[in-house]
Amino acid sequence: EQRLAEVRAVLAIDPDMAEAYSTLGQALDSQWRRDEAGQAYRRATELNPNYATGRHWYGMHLAERGLMDEALAELKAACDLDPFSFIILDNYGWLLNLAGRRSEALQLFDRAAALNPGFDQTARVKAAALAALGRRTEAEAIARQLKNNQRELDVWTLGTVGLQAEAKALLDRMDPRDVSNRFQALLSAGERDAAMDALTDPSGASKGDSIDLLYHPIFDPIRNDPRFIRYLAVLGIAEAHARAQAWRRANPPEEARGGQ
């Protein structure tokens, strides 16, 4: 509430500040007030369509609403406006990968990594894209390198590239209170029943978690599970999930062209 009050105070002084409207959108998003957030992001874009950060944040918001085409359009605009922002490149690549456009995503990950080689998130999603394209040797090498970095327990990446035995070996070291990450880690490690049992508290879920829940194929086996459906409802993304699945059915992903 304090952040909202501060942003509204700025807008009272300058009601045409695009940056303030984008910040307002983020503040509203953090409170799950998505309709109001969307209005704020749209107003920011109307006031300054050349504000790359505003287009970036609006695109991520649209992805969370299950509006992938619109989200990709905003991320492309942001990338065109600021082609040297590694985080815009990374997020645009992430959405392209979730949209099944994996070869395009890999090009963006390489550009992002050239700008910020130490950003593990780019490597994680690149590994998943490579695995989905059947380039398992490259994907596994990245996953193991991330594991060796020891900055965090990267069970998710190991599981998503197919190294489930190695992923399972790390599960006991995860904090059981970290519900959102533990749920995804268990699922990626092939522990479906344990993952569903862990799916009890959405309080730690982030925007990134929500977007993955809508589009990531690793969740496909549980999309009709009543517990998963309840979880989506508690997060307030049940309608977005329905839109996302309709979009995915109409836009099949790029297929692997032979494994390694």
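Side-chain atoms are counted along with the backbone in the values below, which use heavy atoms only and exclude waters and symmetry mates. Since this is a predicted model, take the numbers as computed values, not measurements.
- Arg243 has its side chain within reach of Leu67: a pair of non-hydrogen atoms, C-beta onward, lies under 4.5 Å apart.
- One distance of note links CG of Leu235 with CD of Glu64; it measures 8.5 Å at 0.5 Å rounding.
- Two residues are said to be in side-chain contact when any heavy atoms from C-beta on lie closer than 4.5 Å; Leu4 and Arg33 meet this criterion.
- For the atom pair CE (Met17) and CG (Leu24), the distance works out to 12.5 Å, reported to the nearest 0.5 Å.
- Residues Phe84 and Phe119 are members of one and the same hydrophobic cluster, defined by side-chain heavy-atom contacts under 4.5 angstrom among Ile, Leu, Val, Met, Phe, Trp and Tyr.
- Within a 6.0 Å radius of CD in Gln31, more than 12 heavy atoms belonging to other residues, nucleotides or ligands are found.
- Glu254 contributes a side-chain N or O that, together with a main-chain N or O of Ser103, makes up a donor-acceptor pair within less than 3.5 Å.
- For the pair His241 and Arg223, the minimum side-chain heavy-atom distance is below 4.5 Å.
- Ile218 and Leu187 get closest at one heavy-atom pair: O-CD2, 3.7 Å.
- If you chain together hydrophobic residues whose side chains sit under 4.5 Å apart, Leu81 and Phe86 never meet in one group.
- Here the shortest heavy-atom pairing between Ile222 and Arg192 reads CG2-NE, 3.5 Å.
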query: Between Glu166 and Arg144, does a salt bridge (charged side-chain N to carboxylate O under 4.0 Å, His left out) hold up when you go through it step by step?
result: CA-CA 9 Å; Glu166 294 180 47; Arg144 290 199 171 104; 2.6 Å; yes
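- Taken from NZ in Lys76 to CG in Leu108, the straight-line distance is 10.5 Å, to the nearest 0.5 Å.
- Taking CD1 of Ile87 as the start and CG of Asn91 as the end, the distance is 4.5 Å to the nearest 0.5 Å.
- Within 6.0 Å of the CG atom in Asn224, the count of heavy atoms belonging to other residues, nucleotides or ligands does not exceed 12.
- Under the ring-ring contact (aromatic ring centres under 6.0 Å, His included) criterion, Tyr51 pairs with no residue at all, not counting sequence neighbours.
- Aromatic ring orientation, Tyr215 versus Trp247: perpendicular (interplanar angle above 60°, classes split at 30° and 60°).
- Using a 30° and 60° split on the angle between ring planes, His216 and Phe219 fall in the perpendicular class, above 60°.
- Two residues are said to be in side-chain contact when any heavy atoms from C-beta on lie closer than 4.5 Å; Leu89 and Phe109 fail this criterion.
- Looking at residues two or more places apart in sequence or on another chain, you find no side-chain hydrogen bond (donor to acceptor under 3.5 Å, both in side chains) involving Asn50.
- Residues Ser85 and His56 form no side-chain contact, since every pair of their non-hydrogen atoms from C-beta on lies 4.5 Å or further apart.
- Annotation: Tyr21 is not in aromatic contact with Tyr41 [ring centroid separation under 6.0 Å not met].
- The side-chain heavy atoms of Arg248 and Asp220, taken from C-beta on, include a pair separated by under 4.5 Å.
- Side-chain contact check for Met196 versus Asp225: some heavy-atom pair is nearer than 4.5 Å.
- Shown are Ile211, Leu232, Asp209; of these, the side chain to side chain contact (heavy atoms under 4.5 Å, CB included) with Ile237 is made only by Leu232.
- Under the salt bridge (Lys or Arg N to Asp or Glu O under 4.0 Å) criterion, the residue pairs touching residues 45-62 are Arg43-Glu46, Arg55-Glu74, with sequence neighbours excluded.
- Annotation for Ala132 and Arg102: closest pair CB-NE, 3.3 Å, computed over non-hydrogen atoms.
- Put simply, the side chain of Glu104 never gets that close to the backbone of Leu96: no donor and acceptor are under 3.5 Å apart.
- Counting all heavy atoms, side chain and backbone alike, Ser22 lies closest to Ala44 at OG-CB, 3.2 Å.
- Summarising the geometry of Arg135 relative to Leu106, their closest heavy-atom pair is NH1-CD1, 3.6 Å, with the distance given to 0.1 Å.
- Between Ala128 and Asn97, the closest heavy-atom pair is CB-ND2, 4.4 Å.
- Distance OG1/Thr137 to CD1/Ile142: 11.5 Å, rounded to 0.5 Å.
- A heavy-atom distance below 4.5 Å is not found between the side chains of Arg124 and Trp94.
- Rounding to the nearest 0.5 Å places CH2 of Trp32 at 4.0 Å from OG of Ser210.
- A salt bridge between Glu70 and Arg65 is absent, with no side-chain N of the basic residue lying under 4.0 Å from a carboxylate O of the acidic one.
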